[in-house]
Colleague: 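First, the structure itself, so that you have it in front of you.
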Amino acid sequence: MIANYISKLNYTSLKDDKIEALEIPIDGLKAYIYYDYSKQLHFIIKSKEAISENRKGIKVKHSILNLIDLGKDSFIDIICTHDDFKKEFIQIVEQIVHYFKQNNDVVKAIKFTINKWYFFFEKDRNVDLNESDIKGLIGELLLIKNLSSKISYKETIKAWHGPESGLRDFNFTTFDIEVKTSSKEIGHVHTINGQIQLKTEDIILYVYSVSLKKSDSENSITIKKLIDSICLEIGDDAFLLNDFFEKLEKVNVLVPQAENYNHFAYELNNILTIKINKENLDRFLIENENTRISNLKYDYDFNGLKNSEII
């Protein structure tokens, strides 16, 4: 939508003159675009809100501007500071409009979108994830989202060590969580890389077993949908959002490019949580006295076991 209006913008406002801006029809917003005298593209929104963001390729500030046919007024001024960033700038503006329509809060929509693009401004993605990686990440994101009713996002994201190749995916003070995700028809059957992942004596271990099946329905689960949902629930806590994006970046997922994985879409069959502690540990371990054999893989069938609540 925005690109169509920019293509009609064939004039440049002169320094110290009234600005010749083109209005963008958006319900609930008085929004305009224009080029300034230095040919930087501006998307402006009539508002008295104070806001300041300055990232590579984009700047957001509060400005008093004098528009032809409108006069002087207060605006949130979103500026494309590099001409070669224009394509991404248009995407950012369109996402701001999209999130404004969801929550009717323009400042929140801007901050949310800018923070979503944080790592895009600073880094390039190096490696595409395969389907197994995607399923694993979906399971971990489902846990983060579902656990938020009991534990704050701040605590859960801090405990999330899966992206750092920790022994277990989540390390809390009094318990660990290992997430296993599968799309096998048989359900909760997973390959465990070494029994050390399950061996626990001093701390409770929860195995969070996620069963998925491939789906093309509108209600299917994707990486992008889960990330967007978690970000909306986190809200405008920029520091926490950046912590979350940093963890995602460690598994080579840049938030603005998460839709690249939309072809990996699933329905959730169910989730089974298995509690392992020193009382029942023997049920899950197989003794191996041959010291010449290490790093064995084990297939565990959790189907039919008691479903436990985490904490």
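Here the structure is a predicted model, which is why all the values come from computation and not from measurement.
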Colleague: Quick one: does Asn115's side chain have a donor or acceptor within less than 3.5 Å of a partner on Phe112's backbone?
Modeller: no
Colleague: Do Lys135 and Ser182 have a side chain donor and acceptor closer than 3.5 Å?
Modeller: no
Colleague: May I ask you to test the Leu248-Ile223 pair for a side-chain heavy-atom distance under 4.5 Å?
Modeller: no
Colleague: Could you check whether atom NZ of Lys224 has more than 12 heavy atoms from other residues, nucleotides or ligands sitting under 6.0 Å from it?
Modeller: yes
Colleague: Give the minimum heavy-atom separation between Thr174 and Ile203, together with the two atoms involved.
Modeller: O-CG1, 3.2 Å
Colleague: Taking C-beta and beyond as the side chain, do Ile92 and Ile78 meet within less than 4.5 Å on heavy atoms?
Modeller: no
Colleague: For Asp27, does the CG atom sit with more than 12 other heavy atoms under 6.0 Å from it, leaving out its own atoms?
Modeller: no
Colleague: Step through the shown structure and confirm whether more than 12 heavy atoms of other residues, nucleotides or ligands are within 6.0 Å of NZ on Lys184.
Modeller: yes
Colleague: Under 4.5 Å between side-chain heavy atoms, counting indirect links through other Ile/Leu/Val/Met/Phe/Trp/Tyr residues: same cluster for Tyr99 and Phe43 or not?
Modeller: no
Colleague: For the pair Glu309 and Lys150, find out whether any cationic side-chain nitrogen is under 4.0 Å from an anionic carboxylate oxygen.
Modeller: yes
Colleague: Write down the atom of Ile96, the atom of Ala109, and the distance for their closest heavy-atom approach.
Modeller: O-CB, 3.6 Å
Colleague: Do Glu267 and Asn219 have side-chain heavy atoms sitting under 4.5 Å apart?
Modeller: no
Colleague: Any salt bridge between Lys247 and Glu249, counting N to O under 4.0 Å?
Modeller: no
Colleague: I'd like to know if Lys111 and Glu53 make a salt bridge, using a cut-off of under 4.0 Å between side-chain N and carboxylate O.
Modeller: no
Colleague: Side chains of Tyr32 and Leu22, heavy atoms from C-beta outward: is any pair under 4.5 Å?
Modeller: no
Colleague: More than 12 non-hydrogen atoms from neighbouring residues, nucleotides or ligands closer than 6.0 Å to CD1 on Ile64, yes or no?
Modeller: yes
Colleague: Identify the two heavy atoms, one from Tyr208 and one from Ile177, that lie closest to each other, and give their separation to 0.1 Å.
Modeller: CB-CG2, 4.0 Å
Colleague: Does the side chain of Ile19 come within less than 4.5 Å of Asn66's, by heavy atoms?
Modeller: no
Colleague: Please determine, by modelled atom types, if His188 and Asn303 share a side-chain donor-acceptor pair under 3.5 angstrom.
Modeller: no
Colleague: Closest approach of Lys108 and Gly235, non-hydrogen atoms and distance?
Modeller: CE-CA, 4.1 Å
Colleague: Under 4.5 Å between side-chain heavy atoms, hopping through other hydrophobics if needed: is there a path connecting Ile79 to Ile45?
Modeller: no
Colleague: Determine whether Asp282 and Asn280 satisfy the following criterion, side chain to side chain contact (heavy atoms under 4.5 Å, CB included), listing intermediate values before the conclusion.
Modeller: CA-CA 6 Å; Asp282 290 344; Asn280 66 356; over 6 Å; no
Colleague: Side chains of Asp299 and Thr191: do they bring a donor and an acceptor to under 3.5 Å?
Modeller: yes
Colleague: Ion pair present between Glu218 and Lys225, side-chain N to carboxylate O less than 4.0 angstrom?
Modeller: no
Colleague: If Ile, Leu, Val, Met, Phe, Trp and Tyr residues are connected whenever their side-chain heavy atoms lie under 4.5 Å apart, and connections chain through other members, are Leu285 and Ile192 in the same group?
Modeller: yes
Colleague: Donor-acceptor pair, Lys275 side chain versus Leu205 backbone, under 3.5 Å?
Modeller: no
Colleague: Taking side chain as C-beta onward, heavy atoms only, is Lys154 less than 4.5 Å from Lys158?
Modeller: no
Colleague: How about Ile221 and Leu268: do any of their side-chain heavy atoms sit closer than 4.5 Å?
Modeller: yes
Colleague: Looking only at heavy atoms, what is the nearest atom pair of Leu198 and Leu281, with distance?
Modeller: O-CD1, 3.6 Å
Colleague: Is there a donor-acceptor contact under 3.5 Å from the side chain of Tyr261 to the main chain of Glu131?
Modeller: no
Colleague: What do the steps show when you test Glu178 against Tyr206 for side-chain hydrogen bond (donor to acceptor under 3.5 Å, both in side chains), and what is the final call?
Modeller: CA-CA 6 Å; Glu178 177 66 18; Tyr206 293 98; over 6 Å; no
Colleague: Going from NE2 on His42 to SG on Cys80, what distance comes out if it is rounded to the nearest 0.5 angstrom?
Modeller: 9.5 Å
Colleague: Mind checking whether Cys231 and Leu241 have side chains closer than 4.5 Å, heavy atoms only?
Modeller: yes
Colleague: Parallel, tilted or perpendicular, judged at 30° and 60°: which one describes the rings of Trp160 and Phe244?
Modeller: tilted
Colleague: Between Phe75 and Ile68, is there a shared hydrophobic cluster once you connect ILVMFWY residues whose side-chain heavy atoms come closer than 4.5 Å?
Modeller: no
Colleague: Which heavy atom in Asp77 sits nearest to a heavy atom in Ser63, and how many Å separate them?
Modeller: OD2-OG, 3.2 Å
Colleague: Check whether any side-chain N or O of Ser220 sits under 3.5 Å from a backbone N or O of Asp216 as a donor-acceptor pair, and report yes or no.
Modeller: no
Colleague: Of all residues at least two apart in sequence or in a different chain, which pass the ring-ring contact (aromatic ring centres under 6.0 Å, His included) check with His190?
Modeller: none
Colleague: Flag yes if more than 12 heavy atoms outside Asn4 fall under 6.0 Å of its CG atom; otherwise flag no.
Modeller: yes
Colleague: Any link between Val189 and Ile274 through a network of hydrophobic side chains (Ile, Leu, Val, Met, Phe, Trp, Tyr) touching at under 4.5 Å?
Modeller: no
Colleague: Using modelled atom types only, decide if a donor and an acceptor are shared between the side chain of Ser148 and the backbone of Lys145 within a distance under 3.5 Å.
Modeller: yes
Colleague: Show your reasoning for whether salt bridge (Lys or Arg N to Asp or Glu O under 4.0 Å) applies to Glu185 and Lys213.
Modeller: CA-CA 8 Å; Glu185 289 187 13; Lys213 68 175 179 180; over 6 Å; no
Colleague: Under the criterion salt bridge (Lys or Arg N to Asp or Glu O under 4.0 Å), I'd like the reasoning laid out for Glu140 against Lys180: C-alpha separation, chi angles, the key distance, then a yes or no.
Modeller: CA-CA 8 Å; Glu140 292 175 28; Lys180 294 296 180 184; over 6 Å; no
Colleague: Does the pair Phe100 and His98 meet the rule for a side chain to side chain contact (heavy atoms under 4.5 Å, CB included), with working shown?
Modeller: CA-CA 5 Å; Phe100 169 77; His98 171 74; over 6 Å; no
